[in-house]
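Take a look at the structure below.
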Amino acid sequence: TFLVFLGIINRGGTAAWGDSYTHADTFHHPNYDHTTLNNDIALIYLSTATPAILNSPNVGLCPLPISTDSSIDLVGVSATVSGFGVTSDTSTPSQFLKYASMPIISNAQCEYVFGNTSVLSSNLCTSTFGGPSSCGGNLLNP
């Protein structure tokens, strides 16, 4: 069992970071590959005894796509990535939430950089050319 904190932007400090909830279950992608990191996604189900409170500017819903959305062309649309990850190859995880908005590119452009064996049709690729990146730690504070 672990606690899920919603709405925090600073990992330091006290328990007043945000609302905390007990997780009820997790769902990991059945085709996750720890070697290639393909299908690196999971969902956390919160306990139904304590539903999430959505009245904070830092907490909201993120609608998930459905199978019929797979035909929508998102090339050129801006995507936002956020997290408390490392900010360089040698740093520890960030104390503060970071984010970056990056344009979505075609998988063909992604394959040009990473090769056609690394990019799946289910991948969503973004361009970091001349802008922030989730990989290089060049993210902004909210």
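Residues satisfying the side chain to side chain contact (heavy atoms under 4.5 Å, CB included) test with A79, not counting sequence neighbours, are I104, T126. Scanning for side chain to side chain donor-acceptor pair (under 3.5 Å) contacts around E111 gives an empty result, with sequence neighbours left out. For S91, the side chain to side chain donor-acceptor pair (under 3.5 Å) partners two or more places apart in sequence, or in a different chain, are T87.
Sorted by first then second residue, the side-chain hydrogen bond (donor to acceptor under 3.5 Å, both in side chains) pairs that include residues 69-78, not counting sequence neighbours, number zero.
In this structure, R11 contributes its side chain and S94 its backbone to a donor-acceptor pair below 3.5 Å.
No continuous path of hydrophobic side-chain contacts links M102 to V77 [ILVMFWY only; heavy atoms under 4.5 Å].
Note: S122 OG to N107 CG = 8.5 Å, rounded to the nearest 0.5 Å. In this structure, N10 CG and F96 CZ are separated by 4.5 Å, a value rounded to the nearest 0.5 Å. The CG atom of D33 lies 9.5 Å from the CG atom of L120; values are rounded to the nearest 0.5 Å.
Residues F84 and L97 have side chains in contact (heavy-atom distance under 4.5 Å, counting atoms from C-beta outward). In this structure the side chain of C125 reaches within 4.5 angstrom of the side chain of V119, judged on heavy atoms.
Alongside V75, the hydrophobic cluster contains no other residue (criterion: ILVMFWY side chains under 4.5 Å).
Within 6.0 Å of atom OH in Y32, more than 12 heavy atoms from other residues, nucleotides or ligands are found, so the atom counts as buried in its surroundings.
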Expected list for residues 35-42: side-chain donor-acceptor pairs under 3.5 angstrom, two or more places apart:
residue	atom	partner	partner atom	Å
T36	OG1	N38	N	3.2
T36	OG1	N38	ND2	3.1
N39	ND2	N31	O	3.0

